[in-house]
There are 2 protein chains.
Amino acid sequence: MDTPRTVRDEDFLRLDHQICFSLHAATRAFNSVYRTALKDLGLTYPQYLVMLVLWEHGELPVKRIGEHLRLDSGTLSPLLKRLEAAGYVERRRSAEDERSVTARPTPAGTELRERALGVPRRIAAATGMRLEEVRELRARLNELTTALDAAESAAYPDGCATEDDTAGG
Amino acid sequence: MDTPRTVRDEDFLRLDHQICFSLHAATRAFNSVYRTALKDLGLTYPQYLVMLVLWEHGELPVKRIGEHLRLDSGTLSPLLKRLEAAGYVERRRSAEDERSVTARPTPAGTELRERALGVPRRIAAATGMRLEEVRELRARLNELTTALDAAESAAYPDGCATEDDTAGG
DNA sequence: GGCGATTTAGTTGTGCACAACTTAATTGTG
DNA sequence: CACAATTAAGTTGTGCACAACTAAATCGCC
């Protein structure tokens, strides 16, 4: 059976407007709450994400940070420079591989973690959701991201055969 | 009872990393899929959202567009100028209120709608989700956005007393 | 060893999001 | 009517996201 045609394109246009827009809106609402919560720390939300990664892993090459956060050097390089200018991270060329640059928290950056400990609870309170719900939603979003990535890379068939592995729902 | 302390701040930091990051990642994955789907039309995703609104409502003041999309003039003014430069919308001062500027699709902008009809289906296919699931997720995200907005405006008590109404959950 | 391909950061340019501000028109109140 | 307050767009500046590109180091293969 090829796609049950219960929905017309016209209606789809409106639905579409709502689903993806909801995601967009939620992200921006989150950013707004984070902006407020992080103002005292002098961090933006993406900078906070980078610091979370560095607090957890210690010293990391830019490449690895990018893998954790799905960001490339075009985004991370200037961001890390700003974090360095703020005194929160140190950057240096790796000795064993001169292509690589590693970043790690400075003492000030490490101290910052203490002040950041209260942030997640504030955010959690702002969502009004219980842990269960948060987990549930997170799982859904991760599935969604995986599906979208698969579809996107299928649209750009650069290497691997796609062998409809998107079915894993 | 004041917040059951089953979770330590430390653990919360990690959870937090995951929930909000998931949202962030999903949004960007969506944007990426849209970028591909909209490339032929010469639209970015936010431009597409604006066109959706204009296709649905016809002529609208910038203010109204912003209300539909939660965007302010700082974002919309340059965006609408680009859409105007692309020949998809017309802008003009309102006659009855000279403060207001209205935007509406040009003939080319209206034609564009036909070419955009296939987009939502492509996106829906990329998500790999059924309509039910989409609706469910959308509802969750809308709840989340509402909660976040409420918490945010409570943090900036500009008018209404806050009277701990955030407890609803 | 030499040399092309790959990998890693970084740069440049475009566009979005938003805070803070400016300008101009309208509204409300005395 | 006059004038302060409000409202609507637009401008400016900062930062993020990403495509496309450059520069330098490393790897692989002959």
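Every value quoted in this text rests on a predicted model; they were computed, and no experiment measured them. Computed from heavy atoms alone, side chains included, the values below leave out hydrogens, waters and symmetry copies. Proteins get letters first, then strands, A, B, ... in listed order; numbering begins at 1 in each.
Contacts of A:Pro78 with the nucleic acid, taken as non-hydrogen atoms under 4.0 Å apart, are absent. Within the nucleic acid shown, B:Asn31 has no heavy atom closer than 4.0 Å to any nucleic acid atom. Backbone-only engagement by A:Ser100 is indicated by non-hydrogen atom pairs under 4.0 Å involving sugar-phosphate atoms exclusively. A:Thr44 comes within 4.0 angstrom of sugar-phosphate atoms only, judged by non-hydrogen atoms across all strands, and of no base. Contacts of A:Arg64 with the nucleic acid, taken as non-hydrogen atoms under 4.0 Å apart, are absent. Here B:Leu76 lies out of heavy-atom contact (under 4.0 Å) with every strand. When heavy atoms are screened at a 4.0 angstrom cut-off, A:Thr75 is found touching base atoms of the nucleic acid.
The distance between atom NZ of B:Lys81 and atom P of C:dT14, rounded to the nearest whole Å, is 16 Å. Between the C1' atom of C:dT6 and the CG atom of A:Asp97 lies a distance of 12 Å, rounded to the nearest Å. D:dA17 atom C1' lies 7 Å from atom CZ of B:Arg35, rounded to whole Å. Residue A:Tyr34 contributes atom OH, which lies 20 Å from atom P of D:dG15 at whole-angstrom precision. A straight line from CG of A:Leu38 to P of D:dG15 spans 15 Å, rounded to a whole angstrom. Residue A:Leu83 contributes atom CG, which lies 13 Å from atom P of C:dG10 at whole-angstrom precision. Going from atom CZ of B:Arg28 over to atom P of C:dA17 covers 15 Å, rounded to whole Å. The distance between atom OH of B:Tyr48 and atom C1' of C:dG15, rounded to the nearest whole Å, is 19 Å.
Side chain of A:Trp55 to main chain of A:Pro105: no donor-acceptor pair is present (N/O by atom type, distance under 3.5 Å, no hydrogens or angles). Under a 3.5 Å cut-off, the side chain of B:Thr102 and the backbone N or O of B:Glu59 do not form any donor-acceptor pair.
Checked for salt-bridge contact, B:Arg64 and B:Glu67 meet the test: a charged N lies under 4.0 Å from a carboxylate O.
Using a 4.0 Å cut-off, some side-chain N or O of A:Ser77 falls inside it from OP1 or OP2 of C:dG10. Between A:Arg91 and the phosphate of C:dG10, there is a side-chain N or O to OP1/OP2 separation shorter than 4.0 Å.
Checking C:dT8, D:dT7, D:dA9 against every side-chain atom of B:Val101, the shortest atom distance belongs to D:dA9. The side chain of B:Arg93 approaches D:dG10 more closely than any other nucleotide in the set D:dC18, D:dA8, D:dG10. Relative to the side chain of A:Asp72, the nucleotides C:dG10, C:dT6, D:dA19 differ in distance, and D:dA19 lies closest. Distances were taken from every side-chain heavy atom of A:Lys63 (C-beta onward) to each of D:dA9, D:dA24, C:dA9; the shortest belongs to C:dA9.
In this structure, A:Arg91 places its CZ atom where more than 12 heavy-atom neighbours from other residues, nucleotides or ligands lie under 6.0 Å away.
The 5' end of DNA chain D is approached more closely, in terms of each residue's nearest nucleotide, by A:Gln47 than by the other of A:Glu98 and A:Gln47. Sequence order on DNA chain D of the closest nucleotides to A:Pro46 and B:Thr102 puts B:Thr102 first from the 5' end. Mapping B:Gly74 and A:Gly74 onto DNA chain C by nearest heavy atom places A:Gly74 closer to the 5' end of the strand.
With hydrogens and angles left out, the side-chain atoms of A:Thr27 and B:Thr27 include a donor and acceptor closer than 3.5 Å.
Results of the ring-ring contact (aromatic ring centres under 6.0 Å, His included) test with B:His24 over A:Tyr45, A:Tyr48, A:Tyr34, A:Phe30 single out A:Tyr45 as the only residue that passes.
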